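I have placed the structure first, in the form of structure tokens, so that the comments after it can refer back to it.
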Amino acid sequence: MNSEELKKVLGYGLFQKRIAYLLLLGAFIGTTMLFGSVFVMFTPPHRCYLPEIDGNLTEPSLDQSVSEDNPLSSYVPIEYDADGVARWSECYRFQYRNLSAVLSTTSSSTNNMGTNRTLVYCDHGWFFYKPNGVITAATEFELVCDRAWITPLFPSIQMIGFMFGSILGGIMSDKYGRRKVILFSMTLVSASMLSMGLAPTVLMLQIGVFTYGFSIIIRAVTAMVILNELLSNDKRRTFGILISVFCGLGGCVLSVVAYCIPNWRWMTLAIAIICTVHLPLYYCFIRDTFGWLIQNKRMKSAEKLYKEVVRVNNINLDEALLSDLKLGTKPDDDESNDVTKVEKFTYLDFVTVPFLRKRILLLSFMWFSMNMGFYGLSFNTPNLGGNRFVNAFISSVVEIPSQFLCFVLVKKIGCRMGFISMAGACSVCVLLTPFLQSTNQIAGVVCAMFGKFFSSGPFTILYLVTGDLFPTMLRTQSYGACSFIGRVAAIIVPYVLYLGKTVHPYLPYIVIGTVTFISAIAALLLPETTGINLPDTLEDAKQQDSHMKCCQPKKKEEINGNETV
């Protein structure tokens with residue numbers, strides 16, 4: 001009796017529903033801070049703090065319009081950005097030898113003060129023009145001028161956490177079980193957000209951001225694996241897409257919370273507390289999956305789980321099926337020894353088994369490209385112009401209809417063609433965005449939002465397809481390997497966007513659009529998996545290339561010796 005047959009027998013009852021809906025809730029709450037850096041690291045307009053003018057005032061005492069006629073020009077130099085727009089210098093101010101002479105001088109004679117002043121770096125800190133009283137980590141820790149490089153480092157640190165979590169999460173999930181790992185990751189998500197909200201220094205905030213990235217990807221990958229191994233084909237597709245919908249809802253909530261709570265610490269702590277409160281539900285209801293238990297020969301645990309499912313779903317006990325599960329049952333104290341006899345798989349198998357190597361290389365590149373597109377468009381929302389809260393909200397809300405389109409495409413034309421069509425549309429929108437933005441800002445924002453719309457669906461399809469193409473004991477490791485490569489792109493993205501500010505504004509869009517287009521072509525080389533059962537063994541996975549189901553699995557050594565790409 002294999003796991004797929006068990007899923008058909010046990011059906012879709014209360015036991016499966018409560019786990020599936022709990023995973024949706026975890027996706028909604030746990031990923032709310034995924035793009036938190038958009039608000040936490042927001043840097044409002046600023047200039048040098050002027051003790052002689054600002055004093056203890058909470059608002060500037062002078063008119064802020066940039067003009068040589070403005071008295072503030074006596075204290076702050078005027079600079080021009082790449083578009084020739086005048087602005088107050090953010091990093092320098094004038095220092096006077098005789099300040100009393102300046103204070104008694106009218107604005108009409110300020111041009112004669114040049115010999116009395118020198119240009120100095122902001123030696124008294126900065127004055128931030130805080131819209132709606134916003135307080136961010138960038139303003140609190142003054143991450144501007146010579147420390148401005150720290151700001152784009154935060155999303156990169158989060159993605160580095162993603163990378164480590166991707167690799168270790170797969171190993172941990174396959175070794176210790178799905179339940180232990182997802183409970184560990186959800187607990188760590190709450191703890192990391194609490195530590196971020198209470199961080200006294202930039203270093204502690206960076207550690208919290210890294211830990212959050214580390215834990216959130218373990219939660220995401222393990223949740224997707226549990227759904228794959230818990231539900232039948234039609235249901236796992238639906239819930240796999242619904243997880244992305246709830247992640248999009250989490251981003252919408254973040255925009256609203258950030259607008260209502262302008263202090264970044266209180267915003268982070270509020271979300272962390274909500275995440276912590278719902279943790280007991282996971283400890284009460286999340287279980288390991290039959291796929292993992294059977295593959296690890298934990299027959300006694302599988303029998304116990306079977307009885308629980310039968311009881312919770314209120315179905316008649318199948319004694320014949322229970323007898324199948326009892327075969328090979330060991331006492332509790334011998335069960336751990338039995339596990340050591342199970343054939344183990346490692347990341348090395350992705351290199352030594354040719355058809356696995358082909359799949360992992362293609363999928364890794366596709367993950368890389370869609371990470372670059374999805375996170376690039378998400379992190380770039382503050383640079384699109386207009387209201388950043390509205391932009392961030394729209395950027396998240398467009399993911400929801402995108403997932404419904406994804407659902408329809410997967411049902412109608414399959415995962416592979418669904419990915420190709422949406423990724424291709426995304427690349428076109430991304431490439432068009434800078435040209436439209438140069439003529440009309442609103443048109444540029446709309447086109448970028450369409451790009452985000454089309455980038456969300458392929459991202460979800462990758463989560464579905466990756467789990468379909470690898471056997472049970474390599475499933476979480478396949479997610480880990482692909483996610484690891486994908487996070488390399490996410491780490492690079494903030495600096496690709498930074499190049500858009502320093503080299504050429506079109507550059508980020510050209511890079512992201514081109515890479516996304518190539519990934520759409522790469523998908524043609526993968527088999528279609530829609531309607532095919534999850535593979536339990538290497539032989540099952542191999543037969544997907546011909547859409548055939550193998551009933552007599554071979555050992556790993558036989559496949560290594562006979563398989564060709």
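Please read all numbers here as calculations on a predicted model, not as lab measurements.
In this structure, the side-chain contact (heavy atoms from CB on, under 4.5 Å) partners of Pro44, at least two apart in sequence or on a different chain, are Phe42, Phe128, Pro131, Thr139. Residues forming a disulfide (SG to SG under 2.5 Å) with Cys260 (at least two apart in sequence, or on another chain): none.
At distances below 3.5 Å, at least one donor-acceptor pair connects side-chain atoms of Arg359 with backbone N or O atoms of Leu469. Glu79 places no side-chain N or O within donor-acceptor distance of the main-chain N or O of Ala86, the cut-off being under 3.5 Å. At distances below 3.5 Å, not a single donor-acceptor pair connects side-chain atoms of Ser37 with backbone N or O atoms of Val40. Looking at Arg178, its side chain does come within 3.5 Å of a backbone N or O of Ser173 through a donor-acceptor pair. In terms of modelled atom types and a separation under 3.5 Å, the side chain of Arg265 and the main chain of Gly197 share a donor-acceptor contact. At distances below 3.5 Å, not a single donor-acceptor pair connects side-chain atoms of Ser483 with backbone N or O atoms of Gly480. Of the possible polar contacts, one joining the Glu528 side chain to the Arg416 backbone as a donor-acceptor pair under 3.5 Å is found. Distance alone, capped at 3.5 Å, is enough to place a donor-acceptor pair between the Ser185 side chain and the Ile182 backbone.
Taking 4.5 Å as the limit, every side-chain heavy atom of Phe210 sits out of range of all side-chain heavy atoms of Gln158. For the pair Phe127/His46, no side-chain contact is recorded, criterion being any heavy-atom separation below 4.5 Å from C-beta on. Counting only heavy atoms from C-beta outward, the side chains of Thr276 and Met193 never approach each other to under 4.5 Å. Looking at Gln206 and Ile150, their side chains come closer than 4.5 Å, going by heavy atoms from C-beta outward. In this structure the side chain of Leu50 reaches within 4.5 angstrom of the side chain of Val76, judged on heavy atoms. Side-chain contact between Phe389 and Phe39: present, with at least one pair of heavy atoms (C-beta onward) separated by less than 4.5 Å. The closest side-chain heavy-atom distance from Ser195 to Met204 is not below 4.5 Å. You'll find the side chain of Ile400 stays beyond 4.5 Å of the side chain of Phe246, heavy atoms only.
Applying the side-chain hydrogen bond (donor to acceptor under 3.5 Å, both in side chains) test to every pair with at least one member in residues 447-464, sequence neighbours left out, gives these pairs: Ser244-Thr460, Ser378-Lys452, Ser395-Lys452, Glu399-Lys452, Gln403-Ser456, Gln403-Thr460. Sorted by first and then second residue, the ring-ring contact (aromatic ring centres under 6.0 Å, His included) pairs involving residues 414-451 (not counting sequence neighbours) are Phe435-Tyr506. A side-chain hydrogen bond (donor to acceptor under 3.5 Å, both in side chains) check over residues 144-157, counting only residues at least two apart or in different chains, returns the pairs Tyr121-Asp146.
The two residues Ala137 and Leu205 come nearest to each other via the heavy atoms CB-CD2, 3.8 Å. Contact record, Trp266 with Ile261: CB-CG2, 3.6 Å, taken as the closest heavy-atom pair. Residues Val134 and Pro262 share a closest heavy-atom pair of CG2-O, 3.5 Å. The heavy-atom pair separating Pro401 from Val397 by the smallest distance is CD-O, 3.0 Å. Closest approach of Ile218 to Gly169, counting heavy atoms only: CG1-CA, 3.9 Å. Scanning all heavy atoms of the two residues, the minimum distance from Phe154 to Leu143 falls at CE1-CD1, 4.2 Å.
With rounding to the nearest 0.5 Å, the separation of CG in Leu188 from CD1 in Ile216 is 10.0 Å. In this structure, Leu462 CG and Met366 CE are separated by 5.0 Å, a value rounded to the nearest 0.5 Å. For the atom pair Leu249 CG and Leu24 CG, the distance stands at 10.0 Å (nearest 0.5 Å). Summarising the geometry, atom CE belonging to Met267 is positioned 12.0 Å from atom CD1 belonging to Ile135; distances are rounded to the nearest 0.5 Å. Taking CD1 of Ile461 as the reference point, atom OG1 of Thr466 lies at 11.0 Å (rounded to 0.5 Å). Atom CG of Leu432 and atom CG of Leu436 lie 6.0 Å apart (nearest 0.5 Å).
Ring centroid separation for the pair Phe484 and Phe162 does not come in under the 6.0 Å cut-off. Ring-centre distance between Phe459 and Phe374: below the 6.0 Å cut-off.
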Run the side-chain donor-acceptor check on residues 512-522: report pairs under 3.5 Å with partners two or more places apart or on a different chain.
residue, atom, partner, partner atom, Å
Thr514, OG1, Ile510, O, 2.7
Thr516, OG1, Ile512, O, 2.7
Ser519, OG, Ser369, OG, 3.0
Ser519, OG, Thr516, O, 2.6

Let's go through Met422 and Leu405 carefully: what are the C-alpha distance in whole Å and the side-chain angles of both, what is the deciding distance for side-chain contact (heavy atoms from CB on, under 4.5 Å) to 0.1 Å, and is it a yes or a no? CA-CA 9 Å; Met422 295 193 77; Leu405 175 61; 4.0 Å; yes
- Message: Let's go through Ile157 and Ile207 carefully: what are the C-alpha distance in whole Å and the side-chain angles of both, what is the deciding distance for side-chain contact (heavy atoms from CB on, under 4.5 Å) to 0.1 Å, and is it a yes or a no?
- Response: CA-CA 9 Å; Ile157 289 174; Ile207 293 174; over 6 Å; no
Exercise. Any chance you could lay out the side-chain contact (heavy atoms from CB on, under 4.5 Å) test for Arg87 and Ile78, step after step, and finish with the verdict?
Key: CA-CA 6 Å; Arg87 65 181 182 185; Ile78 295 177; over 6 Å; no
Worked verdict on Met163 versus Val488 for side-chain contact (heavy atoms from CB on, under 4.5 Å)
CA-CA 7 Å; Met163 290 178 66; Val488 173; 3.8 Å; yes
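Cation-pi check for Arg93 over Tyr75 is not met; the charged atom does not lie both under 6.0 angstrom from the ring centroid and within 45 degrees of its normal.
Cys pair Cys145/Cys91: SG-SG separation is below 2.5 Å.
Between the side chains of Glu140 and Trp264, a donor-acceptor pair is found at a separation under 3.5 Å.
Screening Thr222, Asn228, Ile217 against Tyr479 for a side-chain contact (heavy atoms from CB on, under 4.5 Å) leaves a single residue, Asn228.
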